Amino acid sequence: MNWIELNSTEKLAQATAESTIRPVLLFKHSTTCSISNTALNRLERNWNNEELAGTTVYLLDLLSHRNISHEISRQFDVPHESPQVLLIQNKQSVYDSSHFDINYLSIQKEIEKLKKS
């Protein structure tokens, strides 16, 4: 995976704007949480760049950037969880999951639906 580090509100604005062109995946990661590390590793092991070509992926270290995590919750009207993935399309969260519900096949299915619509 080619993560883009989500480390500023400007990058969040960039990701939100980009979602009008292509699907954007945000991964909110806690570097000290074993569940978060497991979910991230599982996603990275299964990620297929060819299958999900055109999807931009952002990784947020939420311990270092709590303000951005709070802004994501506010902006996309989703409760804060960690780990958490959000799929953003047209400046809206169209899918989110957390903890061990984060899995590649579910994300892939949601992205394929977006590409067809």
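Just so we're clear, the structure is a prediction, and the values are computed from it rather than from any experiment. Basis for what follows: all heavy atoms, side chains included, without hydrogens, waters or symmetry-related copies.
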Quick check: closest heavy atoms across [X] and [Y], and the distance to 0.1 Å?
X	Y	result
S82	L62	OG-CD2, 3.6 Å
S8	I68	N-CD1, 3.1 Å
I88	S93	CD1-CA, 3.8 Å
K28	S73	NZ-OG, 3.7 Å
I102	A39	CD1-CB, 4.2 Å

Can you confirm whether [X] sits close enough to [Y] that some side-chain heavy atom of one is under 4.5 Å from a side-chain heavy atom of the other?
X	Y	answer
H65	L60	yes
L52	N48	no
R66	L63	yes

Keeping the roles fixed (side chain from Q84, backbone from P79), state whether a donor-acceptor pair exists under 3.5 Å. yes
Quick one: which residue pairs count as a ring-ring contact (aromatic ring centres under 6.0 Å, His included) with a foot in residues 67-117, not counting sequence neighbours? W47-Y104
So if you build clusters from Ile, Leu, Val, Met, Phe, Trp, Tyr with side-chain heavy-atom gaps below 4.5 Å, do [X] and [Y] land together?
X	Y	result
V94	L86	no
V85	L40	yes
L87	L6	no
I72	I4	yes

List for me each residue that meets side chain to side chain donor-acceptor pair (under 3.5 Å) alongside E71, sequence neighbours excluded, and say none if there are none. R74
Residues in side chain to side chain donor-acceptor pair (under 3.5 Å) with S106, at least two apart? N103
Determine whether more than 12 heavy atoms belonging to other residues, nucleotides or ligands lie under 6.0 Å from atom CG of D77. no
Whether over 12 other heavy atoms sit under 6.0 Å from Q92 CD: no
Between [atom1] of [X] and [atom2] of [Y], what distance do you get to the nearest 0.5 Å?
X	Y	atom1	atom2	result
D61	T32	CG	OG1	9.0 Å
L26	Y58	CG	OH	8.5 Å
L12	N7	CG	CG	11.0 Å
E110	I107	CD	CD1	9.5 Å
N90	T16	CG	OG1	11.5 Å

Using the rule given for side chain to side chain contact (heavy atoms under 4.5 Å, CB included), can you reason through L25 versus L43, listing the C-alpha separation, both sets of side-chain angles and the distance that settles it, and then say yes or no? CA-CA 12 Å; L25 182 78; L43 184 58; 4.2 Å; yes
Salt bridge (charged side-chain N to carboxylate O under 4.0 Å, His left out): which pairs involve [range], sequence neighbours left out?
range	value
residues 41-59	none
residues 4-22	E18-R22
residues 83-109	none

